[in-house]
Amino acid sequence: QVQLVESGGGLVQPGGSLRLSCAASGFTLDYYAIGWFRQAPGKEREGVLCISSSDRMTYYGDSWRGRFTISRDNAKNTAYLQMNSLRPEDTAIYYCATYKDTSGGSCTTSPIRYSDWGQGTQVTVSS
């Protein structure tokens, strides 16, 4: 059974950091692209960034460039989202998702390409 489980969310003060984890089971991440998305209250789900099977990282926008990074540890079958300099507007539920990536090129920015999703983890940035 394919499963993605996010963890690491919580309450953090503005300017703080969090590292989210996305643990995969039922398949190995080696040949999969991994994306992180988020959904704030009352807003649509939006892409944050992704990493291809060949570790090429793509940002969906400039809001998190220089603040967020994505990485993967295939030995642990886990992906990570490191978030620094967090702002109140980063408050959202964060989701990881994957799709099989045999090309190794840049990962897609389209959420409809992703076949498997985690349940999400809440991140709240507040003083």
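Along the sequence shown, residues are numbered consecutively beginning with 1. A quick note: this is a predicted structure, and the numbers were derived from the prediction, not measured.
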Residues pairing under ring pair (Phe, Tyr, Trp, His ring centres under 6.0 Å) where one sits in residues 108-127, two or more places apart or in two chains, turn out to be F37-Y114, F37-W117, Y99-Y114

Under 3.5 Å, is there a donor-acceptor pair between the D101 and S103 side chains?
yes

Ignoring hydrogens and geometry, is there a side-chain-to-backbone donor-acceptor pair from R67 to S85 under 3.5 Å? yes

All heavy atoms of S127 vs all of P14, minimum pair found to be N-CD, 3.7 Å

Rounded to the nearest 0.5 angstrom, the CE-OG distance for M57 and S106 is 11.5 Å

All heavy atoms of G9 vs all of L20, minimum pair found to be N-CD2, 3.6 Å

Report task. Measure from the side-chain N and O atoms of S52 to the backbone N and O of G105, and report whether any donor-acceptor pair falls under 3.5 Å. Result -> yes

### Query
Can you tell me if N74 uses its side chain to pair, donor with acceptor, with the backbone of N77 under 3.5 Å?
no

According to a hydrophobic-cluster definition based on side-chain heavy atoms being under 4.5 Å apart (Ile, Leu, Val, Met, Phe, Trp, Tyr only), do L18 and F68 belong together? yes

- Query: Does the W64 side chain pair with the main chain of V48, one donor and one acceptor, at a distance under 3.5 Å?
  - Reply: yes

CG of D55 to OG of S71, rounded to nearest 0.5 Å, is 9.0 Å

*Would you please test Q82 and S17 for side chain to side chain contact (heavy atoms under 4.5 Å, CB included) and show each step?*
CA-CA 8 Å; Q82 178 67 43; S17 298; 4.0 Å; yes

Residue set satisfying ring-ring contact (aromatic ring centres under 6.0 Å, His included) with F27, at least two apart, ordered chain then number -> Y32

Between S126 and L11, is any pair of side-chain heavy atoms under 4.5 Å apart?
-> yes

Open item on the list: Run the side chain to side chain donor-acceptor pair (under 3.5 Å) test on Y80 and R19 for me, step by step, so that the C-alpha distance in whole Å, both residues' side-chain angles and the decisive distance to 0.1 Å come before the verdict.
Closed with: CA-CA 7 Å; Y80 304 96; R19 188 177 78 157; 4.7 Å; no

Inset, instruction - State plainly whether one hydrophobic cluster holds both V5 and V2, where clusters connect Ile, Leu, Val, Met, Phe, Trp and Tyr through side-chain heavy atoms under 4.5 angstrom apart. - result: no

Is there side-chain contact between D90 and R38, with heavy atoms separated by less than 4.5 Å? yes

Using modelled atom types and a 3.5 Å cut-off, is there a donor and acceptor pairing between side-chain atoms of R56 and backbone atoms of I51? no

Separation between CD1 (I70) and CG (L81), nearest 0.5 Å, reads 6.5 Å

Is the charged tip of R45 near the ring of Y95: under 6.0 Å from the six-membered ring centre and within 45° of its axis? yes

**Asked** Are T121 and S7 close enough, and set up right, to give a side chain to side chain contact (heavy atoms under 4.5 Å, CB included), and what steps lead you there?
**Response** CA-CA 6 Å; T121 185; S7 62; 5.6 Å; no

Exercise. Would you say T91's side chain and V125's backbone share a donor-acceptor pair under 3.5 angstrom?
Worked result: yes

In short, A97 meets L4 closest at the heavy-atom pair CA-CD1, 3.9 Å

Q: Look only at the side chain of E6 and the backbone of Q119, and say whether a donor-acceptor pair between them is shorter than 3.5 Å.
A: yes

Here the gap from T98 atom OG1 to I34 atom CD1, rounded to the nearest 0.5 Å, amounts to 7.5 Å

So NZ of K76 and CG of L29: to nearest 0.5 Å the spacing works out to 13.5 Å

Q. So, T78 versus D73: side-chain donor-acceptor pair below 3.5 Å or not?
A. no

So CD of E89 and OG of S63: to nearest 0.5 Å the spacing works out to 8.5 Å

Residue pairs meeting disulfide bond (SG atoms under 2.5 Å apart), one or both in residues 7-38, sequence neighbours left out, come to C22-C96

Q. Is it the case that more than 12 heavy atoms not belonging to E44 sit under 6.0 Å from its CD atom?
A. no

Is there a side chain to side chain contact (heavy atoms under 4.5 Å, CB included) between Y31 and T102? Walk through the geometry before answering. CA-CA 6 Å; Y31 301 106; T102 56; 5.6 Å; no

Set out, in order, the CA-CA distance, both residues' side-chain angles and the distance that settles side chain to side chain contact (heavy atoms under 4.5 Å, CB included) for V12 and T124, then state yes or no. CA-CA 6 Å; V12 63; T124 302; over 6 Å; no

